[in-house]
Amino acid sequence: MTGTAPAVDNGVNVEHLLGARAALADSPEIAEFEWRSTVSWVRGTHSRTEVETFYGLGGEQAHTKKFTFDADHPPQFAAEDNGITPAEYVLVALGSCLTAGIASVAQQRQIKLNSVVATVRADFDLHGILGADPEVRNGFSNITVDYNIDADASPADIEALVAQSQKRSAVYDALTNPTNVEVKVNAS
């Protein structure tokens with residue numbers, strides 16, 4: 001008795017994603033997105049960010065609910081530790097984006113994922129942001145992402161998943177290529 005192996009389901013609707021890519025050929029303007037967040041100072045170094053709406057697919061869009069994120073600094077920085085640091089959010093964004101890409105590429109290639117765990121680390125010298133040494137940059141000097149991936153695939157296929165995820169990751173791109181950032185002030 002011959003049968004076909006069941007389709008892999010990593011929880012990613014690849015058909016929908018490929019359909020969206022095909023739709024861009026007829027309407028390239030729907031690919032233009034604007035992601036948004038609203039950050040409000042709370043107290044000290046504590047801020048609260050809300051994310052609810054974005055622009056894309058030719059119009060205003062909304063998430064299914066409003067998401068709220070707190071950022072702060074730990075007591076070691078004389079703060080109240082009401083959330084992770086903004087720098088840690090960058091690591092969250094990078095690891096999350098790359099991991100989502102791995103799941104999407106694995107789904108498209110029909111590779112079953114059993115587990116994917118990323119450990120993201122960044123080297124950072126406080127001399128920069130504290131103004132103690134003008135030669136030290138304010139940001140990360142190095143970021144390392146270490147993956148432990150258990151999948152029904154060869155090591156070479158798993159490495160190819162990660163490589164393709166890097167190639168298509170918006171956050172990886174923003175961190176590894178110059179991105180124009182414009183800061184405006186509306187003082188009242």
What's the verdict on side chain to side chain contact (heavy atoms under 4.5 Å, CB included) for Arg109 and Gln164, showing C-alpha distance, side-chain angles and the deciding distance?
-> CA-CA 11 Å; Arg109 295 181 183 180; Gln164 184 66 18; 3.9 Å; yes
Under the side chain to side chain contact (heavy atoms under 4.5 Å, CB included) rule, what do Val51 and His63 come out as? Steps first, then yes or no, please.
-> CA-CA 8 Å; Val51 176; His63 289 279; 3.9 Å; yes
Give the C-alpha distance, both sets of side-chain angles, the deciding distance and a yes or no for side chain to side chain donor-acceptor pair (under 3.5 Å) between Asn186 and Lys184.
-> CA-CA 7 Å; Asn186 297 311; Lys184 299 177 182 179; over 6 Å; no
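Salt bridge Glu34/Arg36: present, at least one basic N to carboxylate O contact under 4.0 Å. Looking at Arg43 and Glu80, a side-chain N of the basic residue comes within less than 4.0 Å of a carboxylate O on the acidic one, giving a salt bridge. Salt bridge status for Asp9 with Lys112: absent, with no side-chain N to carboxylate O gap under 4.0 Å.
Looking at Ser169, its side chain never comes within 3.5 Å of a backbone N or O of Ser165 through a donor-acceptor pair. Of the possible polar contacts, none joining the Asn10 side chain to the Val12 backbone as a donor-acceptor pair under 3.5 Å is found. At distances below 3.5 Å, at least one donor-acceptor pair connects side-chain atoms of Gln107 with backbone N or O atoms of Val8. The closest donor-acceptor contact from the side chain of Thr85 to the backbone of Glu88 lies under 3.5 Å. Between the side chain of Arg137 and the backbone N or O of Phe140 there is at least one donor-acceptor pair closer than 3.5 Å.
Note on ring orientation: taking the six-membered ring where Trp is involved, the planes of Phe69 and Tyr89 are perpendicular (angle over 60°, cut-offs 30° and 60°).
Taking the side chain as every heavy atom from C-beta outward, Gln166 and Leu98 approach each other to under 4.5 Å.
Pairing each heavy atom of Gln110 with each of Ala7, the nearest pair is OE1-CA, 3.7 Å. Taking every heavy atom of both residues into account, Thr49 and Ser37 meet most closely at CG2-CB, 3.6 Å. Taking every heavy atom of both residues into account, Ala62 and Phe54 meet most closely at C-CE2, 4.0 Å. Taking every heavy atom of both residues into account, Ala122 and Ile143 meet most closely at CB-CG1, 4.0 Å. Minimum interatomic distance between Leu126 and Phe77 (heavy atoms only, all atoms of both residues): CD1-CE2, 3.5 Å.
In the hydrophobic clustering of ILVMFWY residues, with side-chain heavy atoms under 4.5 Å counting as a link, Val90 and Trp35 come out apart. No single ILVMFWY cluster, assembled from side-chain heavy atoms under 4.5 Å apart, contains both Ile84 and Phe124. Taken together through direct or relayed side-chain contacts under 4.5 Å among Ile, Leu, Val, Met, Phe, Trp and Tyr, Val136 and Leu130 form parts of separate hydrophobic clusters. In the hydrophobic cluster analysis, where Ile, Leu, Val, Met, Phe, Trp and Tyr join through side-chain heavy atoms closer than 4.5 angstrom, Leu175 is grouped together with Ile129.
Put simply, CD on Glu52 and CZ on Phe67 are 10.0 Å apart, with the number rounded to the nearest 0.5 Å. The distance from atom CG of Asp173 to atom OG1 of Thr179, rounded to the nearest 0.5 Å, is 6.5 Å. Rounded to the nearest 0.5 angstrom, Ile102 CD1 and Leu161 CG are separated by 7.0 Å. The CZ atom of Arg168 lies 12.0 Å from the OG atom of Ser104; values are rounded to the nearest 0.5 Å. Summarising the geometry, atom CG belonging to Asp157 is positioned 11.5 Å from atom CD1 belonging to Ile149; distances are rounded to the nearest 0.5 Å. Distance NE2/His73 to CG/Asn82: 12.0 Å, rounded to 0.5 Å.
One side chain, Asp70 or His46, offers a donor N or O that lies under 3.5 Å from an acceptor on the other. Checking Asp72 against Thr45 by side-chain atom types alone, a donor-acceptor pair falls below 3.5 Å. Residues Tyr55 and Glu60 bring no donor and acceptor atom of their side chains to less than 3.5 Å of each other. A donor and an acceptor atom, one from each side chain of Thr119 and Tyr147, are nowhere located under 3.5 Å apart.
Exactly one residue among Thr99, Val120, Leu91 makes a side chain to side chain contact (heavy atoms under 4.5 Å, CB included) with Val145. That residue is Val120.
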